[in-house]
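Comments concern the structure below.
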Amino acid sequence: MAVITYREAVGRALREALQDERVFMMGEDIGRYGGAYAVTRGLLDEFGPERIRETPIAESGFTGAGAGAAMAGMRPIVELMTINFSLLAMDQIINHAAKVRYMSGGQLSCPLIVRTVTGGGASVGATHSQSLEGWFAAVPGIRVAVPSTPHDVLGLFRAAMLQEDPVMFVEHTLLYSTRGEVEDEPYVIPFGRADIKRSGTDITIAAYSRMAVVAMRAAEQLESRGISAEVVDLRTLSPLDSETVVESVRKTGHAVVVEETWYTGGFGATVVGLIQERAFDYLNAPVGRVAGEEVPTPYSRYLEQASIPDEARVIQAVEAALGR
Amino acid sequence: MAVITYREAVGRALREALQDERVFMMGEDIGRYGGAYAVTRGLLDEFGPERIRETPIAESGFTGAGAGAAMAGMRPIVELMTINFSLLAMDQIINHAAKVRYMSGGQLSCPLIVRTVTGGGASVGATHSQSLEGWFAAVPGIRVAVPSTPHDVLGLFRAAMLQEDPVMFVEHTLLYSTRGEVEDEPYVIPFGRADIKRSGTDITIAAYSRMAVVAMRAAEQLESRGISAEVVDLRTLSPLDSETVVESVRKTGHAVVVEETWYTGGFGATVVGLIQERAFDYLNAPVGRVAGEEVPTPYSRYLEQASIPDEARVIQAVEAALGR
Amino acid sequence: MASGDKLDGAQLIDFYRRMLLIRVFEERSAEQYMLGRIRGFLHLYNGEEAIAVGAISSLQPTDYVVTHYRDHGHALAKGMDPNAAMAELFGKATGCSKGKGGSMHLFDLEKRFMGGHAIVGGQLPLSTGFALASKLRGDGDIALCFLGDGAINEGEFHESLNLASLWKLPVLFFVENNLYGMGATVEQMLAFHDEIYKFANGYKIPSVRIDGMDVLKVREATQEAIAHVRGGNGPFLIEAMAYRFRGHSMADPAEYRARSEEERWRMRDPITTFGASLVDGGTATQEELDEIRTEVEEIIDAAVQFAEDSPFPEPEALYDDVYGGM
Amino acid sequence: MASGDKLDGAQLIDFYRRMLLIRVFEERSAEQYMLGRIRGFLHLYNGEEAIAVGAISSLQPTDYVVTHYRDHGHALAKGMDPNAAMAELFGKATGCSKGKGGSMHLFDLEKRFMGGHAIVGGQLPLSTGFALASKLRGDGDIALCFLGDGAINEGEFHESLNLASLWKLPVLFFVENNLYGMGATVEQMLAFHDEIYKFANGYKIPSVRIDGMDVLKVREATQEAIAHVRGGNGPFLIEAMAYRFRGHSMADPAEYRARSEEERWRMRDPITTFGASLVDGGTATQEELDEIRTEVEEIIDAAVQFAEDSPFPEPEALYDDVYGGM
Ligand SMILES: Cc1ncc(C[n+]2csc(CCOP(=O)(O)OP(=O)(O)O)c2C)c(N)n1
Ligand SMILES: Cc1ncc(C[n+]2csc(CCOP(=O)(O)OP(=O)(O)O)c2C)c(N)n1
Ligand SMILES: [Mg+2]
Ligand SMILES: [Mg+2]
């Protein structure tokens, strides 16, 4: 067991992946710069410029090149510097990478990994603070992983490398410096298995990525108020492990779903829908939803803080759901 | 009162809009070709090439040009031939048009109308059959209209022209030839007012765009089975009139939400979430969801039909919700 | 013979046969479309057959071909079985894509025909990826990427040509300039419509403009381009001037263009002119050509029959091939 | 005097003052960033001040300016109040964008400074829209669009230059070629890195490359370009060679470039060299320049004080300005 940072976990996962000759990386400033979040530091020296490929600032072009290389049998890992810039690569991901297997009747496949960074809280304004992973999770043909701990980063990335389809591997900007234990022996966390990060009996809190961390902190505080919260970390949005969530709610009878993106259209609503559909008779109160405020993320620090869910809002929603 | 087609309603709305000198149109093949769906036929002759501007096939470029012109005081109407191609213009719409008011502290505004076409059912395959309007409705700063009848097209387009923010005006490929009555005197349908297209007492069916038409047909058939369904047509996804939906459910005690896009991540989940949150004590059964099958839309006709919700599936969901 | 390689009579006749196969395939497709057996968008390649045949006949079997939605010609030229192609248009389970792709999304992995992509310009980034894969593996295959004049409008054209040149990728960009997008002319779409091929030079990509109605000229230019590309010198761009004899798709009566313009181009029909030259040059007799038409018609009629007789996909097929490994 | 227009001593001194205002604004910003009062990304324009001042001083007040996230220089040169700019960096309610935009998203509609856009290349389509609005109204205003060498990589560069040329839009594209994106060099990003300006000619857009470290050369070239653009001849592109003296953002120690390279460029500092030329030419004395520095420092110190003293936005402001007319 070693304690490493989330950033180091990504780096380790990439180094492991690069042992496979078919794997190479492409992205903006992943070379000498070391990546905008210092994740790829050192890789250029270790693996050379043929495999750690510095790209032009052309998201559609190089993501599509990754998709093509994947269709031709390689295992490219493309880095989109932040998920905000995926808006420029949407067509290649959604209309090409995701659909080619189906549209070719199963002939082609596109095992492309797109690593990217989601979330707000870094004071970088509305164009740089969005959480768009839910949109990709909606598209059949794509897988989406959203790890919240170094342990999950490593296990999920290994699973991502085993997929035969495009994977959006979505890291969180504020988690890179968080630390956690990882096992030494190589473990894999299969996609589609939510993780009960904390068990409890009074209410289920379902969350993912940084909001799973926020939910854990909220659960600790709730404990001191005498509320036993079970925290379910979804870990992958596609496939979505609704089973684990629904099972938990059947046990607790209450639920709150937490996410960072906007309420309207948020992925959490799908989870709410599944819970009320499959645990209706177990629910003692409406499923609560905690999501980002419905505004473009403001730069100014206190405004920004107010726009992103925090422990206090999770606690409030939990207490509301429990009628306290 | 005249009976006109949905296509004619769009044409009439455009002609009205073009009376304002600040209005001009841009898009692919909107000129001599008359638009891919023959909606803009005749406009070039009537208004000339300065105002009916044939563009290169460059969705990001000309949508952004529209956004810029709107910021500079014009009232551009941009046509994206189908909503599938909006994937190439996402950045300009979401990171520029939608955010400029907020990010400029209210100094700039972007009254840009993007007209586009959604939906499947025309045997044009997975890349051309998506229903992505819900994604835009999730973004603060954008308005989204999704008319289901010629009457609503006209009234909502007039309202769109009164907005001071970007509007996605989303037409449906299979509705263009449908007919309906429109009043002669100029009426406006304000954004954010859902329409009870049919009142009923046993169950609420919430839908929009072509699925509102499907819901109406299902409701007719349900009537003959002794089920009185109330059909609420959302008409705009942003703003979303959850009040009317929730009121209806409080009355009927049952609800089904119908949409054409994929279940996971679908906009309908947000509606389900709102219903269960605000009408929890009135609900006698889980809110049902009817959505597209979770596959890229297949070309082959019977497969495609099976992938898109139809009356039978709505009826089935209604009966399930009512425990029949 | 203008061509850089030595072509014998049999090969020339084979080009004729290939072009005719495409033509007849599409004539029959149009009929079946009118009968409602083919649905959705059907974009015919009529008039441009010399390009697919001249270019693709110059490739190795393991070279990649990728193209747009007007893809029947490229698919057949790369060796796709006409039965599988026609069945795909019919949406049948025996189609190359099991009926799921349709006319705009043909694929044949075994032949390295990588689609059939219906988003204008979308195939360009993919083509650089095929070339990159080949280059990284060092297996010597190149990618041939067809695109319309309209695809040049898209930002992905720029991003892909820059990347290909920067990384010296083995990709041959082949512009089929048929003067129109849908209803818009190249003049309406491109500031540099009169010298598209030269535009490539801005990226330090060499290029040439050729007559796309002459299969031998196409072949000659392609072979020179391939020598450059396969030689490790990076990409090349060919602009072939051509014309689609029919509307953009079956739904389009092409009212935006003059009938006289159409007539002028039809006079240069790549199949009839090439056939006439074969007869004039003594390579084939008219009877031999007629016989080829009969053979080709039999093949295509059989393909129509095959498609007609094939079953639609089973309902459960709806959920197949969304994800792999399941 | 190299400039096409007649400049008197007062004007020359004013250029010096304007460049210095930007420099000092940013020096103070960097300090405040280290103190944690400015957050997020802060991209300094150090070394490139001659471009903003030389180019923007050539405009009419109603001309539009739009740029990227490295926008302090352009905003101040277009006349933004330093108090409003600094308060924005502090995230205060008195900021030009009420604290909502931050350093990367400065706006001043009254001055027709149209932002501050943080998505690389995103400002390019917008700039064609400003120009189109002006052209449709016939009001004679032009749009000046700044972009980095990195923005040329994006497809929107292609789409926007084509549209601007095709429609003869009154837009001046101004490339600030500072040799790097973030850590990537132009050589790593552009196949045509050595002749970016010539690439514009492919779109039939005339262009010129200039020294971006010399405010008078920038002004001269801009005036010629503006004459072309305002004259109804369509767009023009200027490539100015420059260098950012600091890292890409405050977070970047710029380890990817040689200190000797930095030193070489710092020798050509556009402010000190211009100041020296003013003294050498007898236009100003060193004392006068020192006095200007003192004045400028007072203005910026006051701006910092203003920002510091200003309130943060009220919590309710979170929901303001999402939609209009409400
Ligand atoms: C991104 C995108 N925009 C628009 C369309 C609609 N569309 C289909 S074909 C076409 C014209 C393409 O013209 P060109 O590239 O010249 O090819 P051609 O049809 O002439 O062979 C258009 C606009 C599309 N399929 N994809
Ligand atoms: C679409 C997009 N991709 C990537 C980034 C991250 N990024 C910010 S600045 C930058 C480099 C831009 O370089 P250049 O255009 O030369 O401008 P400079 O910073 O040198 O002034 C990158 C890659 C971004 N903001 N937007
Ligand atoms: Mg064409
Ligand atoms: Mg630069």
Side-chain angles (χ1 to χ4, degrees), chain A residues 59-60 84-88 90-96 98-99 101-103 125-128 130 132 134-141 237-238 240 257 261-281 283 285-289 293-296 298-299, chain B residues 59-60 84-88 90-96 98-99 101-103 125-128 130 132 134-141 237-238 240 257 261-281 283 285-289 293-296 298-299:
Chain A
E59 286 77 8
S60 195
N84 305 282
F85 314 151
S86 76
L87 292 174
L88 288 159
M90 283 249 156
D91 177 69
Q92 285 298 316
I93 298 172
I94 291 174
N95 269 335
H96 295 85
K99 298 199 185 353
R101 177 188 297 282
Y102 197 79
M103 292 202 313
T127 56
H128 277 58
Q130 294 164 105
L132 305 175
W135 293 358
F136 295 99
V139 179
L237 301 185
S238 170
L240 176 65
V257 179
T261 194
W262 307 294
Y263 182 99
T264 302
F267 190 84
T270 295
V271 181
V272 171
L274 286 160
I275 293 172
Q276 68 91 37
E277 195 169 314
R278 291 161 51 192
F280 187 79
D281 294 330
L283 279 175
V287 183
R289 271 191 78 194
E293 293 301 301
E294 309 244 51
V295 301
Y299 161 71
Chain B
E59 286 77 8
S60 195
N84 304 282
F85 313 151
S86 77
L87 292 174
L88 288 159
M90 283 249 158
D91 178 68
Q92 286 296 316
I93 298 172
I94 291 173
N95 268 334
H96 294 86
K99 296 195 185 0
R101 177 188 297 282
Y102 198 80
M103 291 202 314
T127 56
H128 277 59
Q130 295 164 102
L132 305 175
W135 294 358
F136 295 99
V139 179
L237 301 184
S238 170
L240 176 65
V257 179
T261 194
W262 307 295
Y263 181 99
T264 302
F267 190 85
T270 296
V271 181
V272 171
L274 285 161
I275 293 172
Q276 69 89 36
E277 195 169 314
R278 289 162 51 193
F280 188 78
D281 293 331
L283 278 175
V287 183
R289 272 190 77 192
E293 293 302 301
E294 309 243 49
V295 302
Y299 162 70

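Treat the numbers as computed from the prediction; the structure is a model and nothing was measured. Just so we're on the same page: letters track the sequence lines, and every chain starts at 1.
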| message | Does any part of the side chain of A:Asp91, heavy atoms only, come nearer than 4.5 Å to the side chain of B:Phe85, both counted from C-beta? | response | no
| Side chain, backbone, both or neither: which part of A:Leu283 has a non-hydrogen atom closer than 4.5 Å to chain B? | both
| message | Just so I know, are the side chains of A:Ser86 and A:Phe136 near enough to count as touching, which here means a heavy-atom distance under 4.5 Å? | response | yes
| So what's closer than 4.5 Å to chain B heavy atoms on A:Tyr299: side chain, backbone, both or neither? | neither
| request: For each of B:Glu277, B:His96, B:His128, tally heavy-atom pairs with chain A at distances under 4.5 Å, and name the one with the top tally. | output: B:Glu277
| task | Considering only heavy atoms and a distance below 4.5 Å, find which of A:Arg289, A:Gln276, A:Met103 pairs most often with chain B. | result | A:Gln276
| query | Non-hydrogen atoms of chain B under 4.5 Å away: do they reach the side chain of A:Ala126, the backbone, both or neither? | reply | both
| said: Between B:Ser60, B:Pro286, B:Ala269, B:Gly134, who has the most heavy-atom pairs with chain A when the cutoff is under 4.5 Å? | reply: B:Pro286
| task | Walk me through it: do A:Glu59 and A:Ile93 pass the test side-chain contact (heavy atoms from CB on, under 4.5 Å)? | result | CA-CA 11 Å; A:Glu59 286 77 8; A:Ile93 298 172; over 6 Å; no
| A:Ile94 CD1 to B:Thr127 OG1 distance, which is reported to the nearest 0.5 Å | 12.5 Å
| query | Which atom pair, heavy atoms only, marks the closest approach of B:Ala137 to B:Leu237? | reply | CB-CB, 3.6 Å
| Which value, rounded to the nearest 0.5 Å, describes the distance between B:Gln130 atom CD and B:Leu87 atom CG? | 6.0 Å
| task | Among the options B:Gly265, B:Gly125, B:Ala98, B:Gly288, pick out the one with the most heavy-atom pairs lying under 4.5 Å from chain A. | result | B:Gly265
| task | Heavy atoms only, distances under 4.5 angstrom: which of A:Val287, A:Leu88, A:Ile275 has the most pairs with chain B? Name it, please. | result | A:Val287
| request: Count the heavy-atom pairs under 4.5 Å between each of B:Thr261, B:Val272, B:Asn95, B:Val257 and chain A, then report the option with the highest count. | output: B:Asn95
| query | If every non-hydrogen atom of B:Tyr263 is compared with every non-hydrogen atom of A:Gly273, which pair is closest and at what distance? | reply | OH-C, 4.4 Å
| query | Who wins among B:Arg101, B:Glu294, B:Gln92, B:Met90 for the most heavy-atom pairs under 4.5 Å with chain A? | reply | B:Met90
| Checking heavy atoms, do the side chain of A:Trp262, its backbone, both or neither come under 4.5 Å from chain B? | side chain
| query | Is the shortest heavy-atom distance from the side chain of B:Leu240 to the side chain of B:Leu274 under 4.5 Å? | reply | yes
